[in-house]
Amino acid sequence: MTTEPSTDTQRLSPRPVGPCAMVIFGAAGDLTKRKLLPALHFLARDDLLPEPFAVIGFARRDWDSERFRRQMESDIQAFLPGNFRQEAWDWLKNRLYFVPGSFQDPEAFSRLREMLAEVDRLHQTGRNTLYYLATPPEQFAIVAQQLGAAGLTPDDHKGWSRVIIEKPFGRDLESARSLNQKLRSTLAERQIYRIDHYLGKETVQNLLVFRFANGIFEPIWNRRYVDHIQITVAEELGVEGRANYYETSGAIRDMVANHLFQLLSLIAMEPPNSFDANAVRDEKEKVLAAIAPMSPEDVLVRAVRGQYGEGMITTGQIVPAYRQEPNVYPESRTETYAAMKLMVDNWRWAGVPFYLRTGKRMRGRLTEIVVHFKRAPHILFRETPVHHLNPNMLIIRMQPREGISLQFSAKVPGPVLELGNVNMDFCYADYFGTAPATGYETLIHDAMRGDATLFQRGDSVESAWKVVEPILDVWSALPAREFPNYPAGTWGPAVADQLLARDGRHWYNLSSTLRC
Ligand code: BG6
């Protein structure tokens, strides 16, 4: 007899959002149509937006509100095929407005002030405003400064103003510090919401629940029982026409200093005292601050880079090398792959390596954390045909098919003592189904409610740069000569395998072992 998985869920309705207006800077750009409007549409579908609500798009386009509505309607239909809900869209569409203008022009910010007054009159949005800076990073400081100069950032008992800032937050420690300073000259830290869309993913948030709502894992979550931890964020996609940005970024700036470090902090942090934003963020910050800084000599042995060449991806298609992608310099030294060994130098983790890797055009799309436990002592099996014991592994998969799997040894049936590896699997979809979402819904909703738990604090952003900066410095002083060094459609360069082989370990490319 088979039984359907069932779950005893404890659902709390999310705290409702009060009246507010949302202003999107860069409203004619890619992020708005691909993510922000679809996320607002899903929030409207789920009844999570307040009735007194409006969205004001701001961009350098000769559009009026009517034109903006038409444009967004055709974009959203293109980006949400199958998931488009007319009713939710109609509700949202009637709340869309547009202010044309340049970020440099104070007049445009006066027009924005007038529009905010107008939407308050029409929709009773009050004096609460969420600003979303979906702009190129060089505009972040100027927009914040213009908002301040126009008196648009009050935060008092009459209303709140909050500013969501997209990545990248600086390109090194100095620029991140300077950006923090500029923002804080207009805004208080509590008004700044630095987004990392990985924190909007359900399964990333589940890391906190998995670790801290279950009593059985915490006692073994430390250097006594854990041999090492692997964090993989592999993408099958290439640069997808974003080479102008990617050429100035590379894998470390694009993925490691933000998304991978978020996963690292959540997997390694101490239990916070509460779910209060600062309690959680204090503990995450301590993890980054505890990472032992690498000397230039360390970088040479503990960090490796790669760039993809032409190759065949899983669909059977031959894809071009990174250097052949449009707008990529023919001798580009930009890394499309990075791997490193980090040590978190605290009482819980001293001596336990954290191996991180990320790359584009890899063998598959895979975001996964593998906690590799220490082997049991062999002594009991000394006189048996079992020559070695396999370690237990806990595999936490975030993408593409979310689930958690515990790997352990079991006796193979029969008269001879033989061990086999077996899995205990939990697949998210079996229990909770999966609802279409962009990953931005929770983050936007949280910012409207004033909950900054899932946003990065200024000090953590700086700590992250402190960890990667020595690597970036060595790599820019010694540009890679061996690129391209891995064919598209593979698990990365040989140097990444050697990084682990030196420690007697290897990467787990486990995509096929989880049942989900
Ligand atoms: C973005 C990076 O932040 O994350 C992209 O700029 C990358 O290069 C993307 O492709 C990956 O996000 P996801 O949600 O597809 O894993």
Side-chain angles (χ1 to χ4, degrees), residues 26 29-36 38-39 42 79 132-137 140 164-171 176 193-207 231-264 266 305-308 313-314 319 322 325-328 332 334-338 356-369 396-402 428 434-444 454-456 461 464-465 468 488 492 511:
D30 229 34
L31 188 73
T32 306
K33 62 184 179 206
R34 279 178 194 273
K35 302 286 185 188
L36 304 184
F42 284 135
F79 285 106
Y132 199 117
L133 271 52
T135 69
F140 295 160
I164 299 186
I165 298 188
E166 263 296 328
K167 67 172 264 241
F169 198 90
R171 52 174 289 108
Y193 286 65
R194 297 172 195 79
I195 209 162
D196 182 312
H197 81 278
Y198 265 56
L199 292 175
K201 293 181 190 279
E202 283 293 338
T203 37
V204 174
Q205 292 167 40
N206 187 47
L207 281 176
I231 302 180
T232 297
V233 181
E235 295 185 86
E236 201 166 9
L237 296 176
V239 278
E240 303 300 296
R242 295 162 68 226
N244 284 338
Y245 151 74
Y246 200 81
E247 275 286 88
T248 63
S249 155
I252 293 232
R253 290 190 171 93
D254 188 46
M255 299 292 287
V256 177
N258 36 65
H259 308 327
L260 273 87
F261 280 7
Q262 292 301 330
L263 301 180
L264 170 66
L266 290 169
R305 56 191 154 169
Q307 188 192 75
Y308 61 85
I313 55 171
T314 45
V319 294
Y322 176 69
E325 302 265 16
N327 298 325
V328 172
S332 170
T334 304
E335 83 281 359
T336 60
Y337 177 100
L356 274 56
R357 66 175 164 166
T358 184
K360 294 210 177 278
R361 282 283 185 234
M362 293 183 66
R363 182 65 175 274
R365 179 170 187 236
L366 180 70
T367 300
E368 195 168 81
I369 299 178
I396 305 172
R397 162 96 48 85
M398 280 124 209
Q399 297 182 131
R401 296 175 308 278
E402 303 86 346
Y428 237 82
T434 44
T438 64
Y440 280 75
E441 293 78 6
T442 310
L443 298 173
I444 293 174
L454 297 176
F455 292 84
Q456 301 197 71
V461 174
W465 283 120
V468 295
S511 45

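Throughout, residue positions are numbered sequentially from 1 according to the sequence presented. We count ligands from 1, going down the list as the structure has it; atoms in each ligand are counted the same way. Hydrogens, waters and symmetry mates are skipped; everything else that's a heavy atom, side chains included, is used.
Tyr322 and Glu247 are linked by a side-chain donor-acceptor pair at a separation below 3.5 angstrom, with hydrogens and angles left out of the test. A donor-acceptor pair shorter than 3.5 Å cannot be found between the side chains of Glu202 and Tyr428. Side-chain atoms of Glu368 and Gln399 include no donor-acceptor pair closer than 3.5 Å.
Considering every non-hydrogen atom in both Thr358 and Val233, the closest pair reads OG1-O, 2.7 Å. Residues Val461 and Ala176 approach most closely at CG1-CB, 4.3 Å, considering heavy atoms. The minimum heavy-atom distance between Thr336 and Tyr308, with the atom names listed, is OG1-N, 3.1 Å.
Within 4.0 Å of ligand 1, the residues that place a heavy atom are Lys167, His197, Tyr198, Lys201, Glu235, Arg242, Asp254, Met255, His259, Lys360, Arg365, Gln399, listed by chain and number.
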